[in-house]
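Beneath this line is the structure, given in structure tokens, with notes to follow.
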Amino acid sequence: MASVSVFGTGYLGATHAAGMAELGHDVIGVDVDEAKIERLSRGEVPFFEPELPELLRKHVESGRLRFTTDAREAVDAADIHFIGVGTPQKKGDYGADMRFVDAVIDTIAPLLTRPSVIFGKSTVPVGTAARLAARVRELAPVGDQAELAWNPEFLREGFAVEDTLRPDRLVLGVDPERPGRAEEVARDVYAGILARDTPFLVTDLATAELVKVSANAFLATKISFINAIAEVCDATGADVVQLADAIGYDERIGRKFLGAGLGFGGGCLPKDIRAFMARAGELGVDQALTFLREVDAVNMRRRDHVVQLAAQSVGGSLLGARIAVLGAAFKPNSDDVRDSPALDVAGRLHLGGADVRVYDPQGMANAAALWPTLTYAESIDSAVKDADLVIVATEWNEFRTADPGALGALVSKRRVIDGRNCLPVDAWRDAGWEYTGMGRHAG
Ligand code: UDX
């Protein structure tokens, strides 16, 4: 069993740290945010992620997992370091903000006095790993014996523990000119996962970086493809859900990520496709990714579309209309509201003069921090009370399974826009609701 450190304790880093402890390693998680480290040290997860609280508590209690703000303590304790800090979109620019990754490297490299391997997990512009590897060699007292490899992470929020412990594949990028010990160390660290015949692909650094952004670009493209088709369905009276079922049976296409609706959001897909385009521009191959602009545009149009539908539904003007928005998180089983289509729609309706009430099973605190001027309700019932329109913007189970009859008794008008095509249409229509889905029999 190895001693490892994980720098960054957000959705990715905290889950990776707990996952490494579950695989049997001694783990030290590091973050500059003292409040976060304090909570994690008490065995508390500072965000909503199913299964993670149990896993974290188990290993904090066993002593196999601890947290610190002191990078030196982590470097003293371990010779294997994972970097899982964020790479958000730069302000006013499509590119990725690399300052957190750079800061970790500049902090730990000068402390490396023993042979060490750093595994980058953050999503970064292609070319970053080669640059950082050279910087590590330059700054580390141990010189060439401080190695850096890239090991992208594919975890989905809401399934982060599952994806960490049972990933579809592991990808490791190493410098073919200096392969070093990274592969051997990775095989050792991930032995528990590899024992289940999980595919393990060893590539060069650039390929590993590109695998991650390409995967996200593909997923975003798939969602925008079906949303573009939803626009055509709306214009023709066709049904995009049946269409997706039908094309999804073709194994070459597959049904997953063909959910038409409000489109994608969150901390990854939107900023990753933008950073990918920005990097392609720098590399002189911007034309190769021009289509991602359209993917982004189709995605943003979904939000406009729902706002327009809402205005139509309440008689043309949003002014004074009481609208319940069910959902604030960018997807169910998450409290993450970063670039959330649900919250974006709620905010736009509010700015348009509607009296908006938002309810989300987990995302309310984060939503209130981002949009303090919106009104937040404590339950579905209080959100929909006297509403002229209900919009389902995130497909939480609680909304899917809500009783349309009971909700119908609370609202002022039985009008629902199903922004995620997640409601049982017949049950809602039978209960007297005027139902509008996304790309399905508009009328
Ligand atoms: C994504 C990738 O899936 C993951 O592999 C990567 O590591 C990080 O980015 P995540 O952001 O957690 O993960 O969410 P994901 O489940 O991919 O959903 C992204 C967005 O797409 C959500 O807003 C979701 O509502 C939307 N979506 C997804 C659709 O609109 N339709 C679909 O059919 C699927």
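Just follow the structure's listing: the first ligand is 1, and inside any ligand the first atom is 1.
- For F291, the CZ atom counts as densely surrounded, since its 6.0 Å shell holds more than 12 non-hydrogen atoms of other residues, nucleotides or ligands.
- Remark: D197 CG is loosely packed, at most 12 non-hydrogen atoms of other residues, nucleotides or ligands lying under 6.0 Å away.
- Protein residues having at least one heavy atom under 4.0 Å from any atom of ligand 1 are E153, F154, L155, R156, E157, K212, N216, L219, I223, F257, L258, G259, G263, F264, G265, C268, L269, F330, K331, R420, listed by chain and number.
- The aromatic rings of F82 and F119 sit parallel to each other, their planes meeting at less than 30°, with 60° as the upper class boundary.
- Cation-pi check for R187 over F200 is not met; the charged atom does not lie both under 6.0 angstrom from the ring centroid and within 45 degrees of its normal.
- Under a cut-off of 6.0 angstrom, the local environment of CZ in F47 is crowded, with over 12 non-hydrogen atoms contributed by other residues, nucleotides or ligands.
- Every residue two or more places apart in sequence or in another chain that forms a side chain to side chain contact (heavy atoms under 4.5 Å, CB included) with A321 is listed here: V314, I323, D388.
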